[in-house]
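Being a predicted model, the structure only gives us computed values, none of them experimental. What's counted below: heavy atoms across the whole structure, side chains too, no hydrogens, waters or symmetry copies. By convention here, the first residue in the shown sequence is residue 1.
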Amino acid sequence: MVEKIPGKHGKSRVVSNRCATSAEPLFAPASDVLLVTFYQDAAYGGDHDDVYGSSGPCDSEGYGLSDLSDASDNVSGISSYIYGNDCNDQTYWTDTDYSGASNSNLNDCPYVGDTWNDNLYSMKLRHS
């Protein structure tokens, strides 16, 4: 779970990181909002990993996910994603800290593209 970006160029602080065994259900508190679900395979297939925000839905400043290494490891490489809670404007990069090759998207993403497939390591989500 992450907080909103604290200023125009800041990074969202990770508030908590929870894992569950395959037999144990994992629920976010009712006050948290789903920002994005990452998937292992194209077309939203395979394992998935959810990222929640603690500061409400996306707005124009949004959330910054500067290091998605854990999410990528959890799904064995990100290939697709579905956004939630007004996070309809996404920019993602091949490296952590918003560096490397970038791409922007205004919808759910059934395939991140050859450059970013299994190499998506940072993302900014906002509402446009």
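- A heavy-atom distance below 4.5 Å is found between the side chains of Ser80 and Tyr44.
- You'll find the side chain of Leu65 reaches within 4.5 Å of the side chain of Val36, heavy atoms only.
- The shortest side-chain heavy-atom distance between Asn105 and Tyr83 does not fall under the 4.5 Å cut-off.
- The shortest side-chain heavy-atom distance between Asp114 and Tyr111 falls under the 4.5 Å cut-off.
- When all heavy atoms of Asn85 and Leu34 are compared, the closest pair comes out as ND2-O, 2.9 Å.
- Between the side chain of Thr94 and the main chain of Gly100, no donor-acceptor pair closer than 3.5 Å is present.
- Proximity of Asn103 to Thr115: side-chain heavy atoms (C-beta onward) are nowhere separated by under 4.5 Å.
- Interatomic distance, OG of Ser55 versus CD of Glu61, reported as 11.0 Å (0.5 Å rounding).
- Lys124 places a side-chain heavy atom less than 4.5 Å from the side chain of Trp93.
- Neither Tyr52 nor Tyr39 shares a network with the other; the hydrophobic side chains, linked directly or stepwise wherever heavy atoms of I, L, V, M, F, W or Y lie under 4.5 Å apart, form separate groups for each.
- Among residues at least two apart or in separate chains, salt bridge (charged side-chain N to carboxylate O under 4.0 Å, His left out) pairs with a member in residues 75-93 are Asp89-Arg126.
- The minimum heavy-atom distance linking Trp116 with Ala101 is given by the pair NE1-O, 3.0 Å.
- Between the side chains of Ser104 and Thr91, at least one donor N or O lies within less than 3.5 Å of an accepting N or O.
- A donor-acceptor contact under 3.5 angstrom links the side chains of Ser79 and Asn117, judged on distance only.
- In this structure the side chain of Ser128 reaches within 4.5 angstrom of the side chain of Asn88, judged on heavy atoms.
- Checked by atom type, the side-chain pair Asp67/Ser69 shows a donor-acceptor distance below 3.5 Å.
- Contact annotation: the side chain of Leu120 approaches that of Leu68 to within less than 4.5 Å [non-hydrogen atoms, C-beta and beyond].
- In terms of heavy atoms, Leu125 sits closest to Gln90 at CD2-CG, 3.7 Å.
- Listed by chain and number, the residues in a side-chain contact (heavy atoms from CB on, under 4.5 Å) with Ser72 are Ile78, Tyr121 (sequence neighbours excluded).
- The closest side-chain donor-acceptor pair between Thr37 and Asp50 falls under 3.5 angstrom.
- Across all non-hydrogen atoms, the minimal contact from Ala71 to Phe38 is CB-CD1, 4.2 Å.
- Taking the ring-ring contact (aromatic ring centres under 6.0 Å, His included) definition, one finds that Tyr81 meets it with Tyr92, sequence neighbours left out.
- Side-chain atoms of Ser102 do not come within 3.5 Å of backbone N or O of Ser99 as any donor-acceptor pair.
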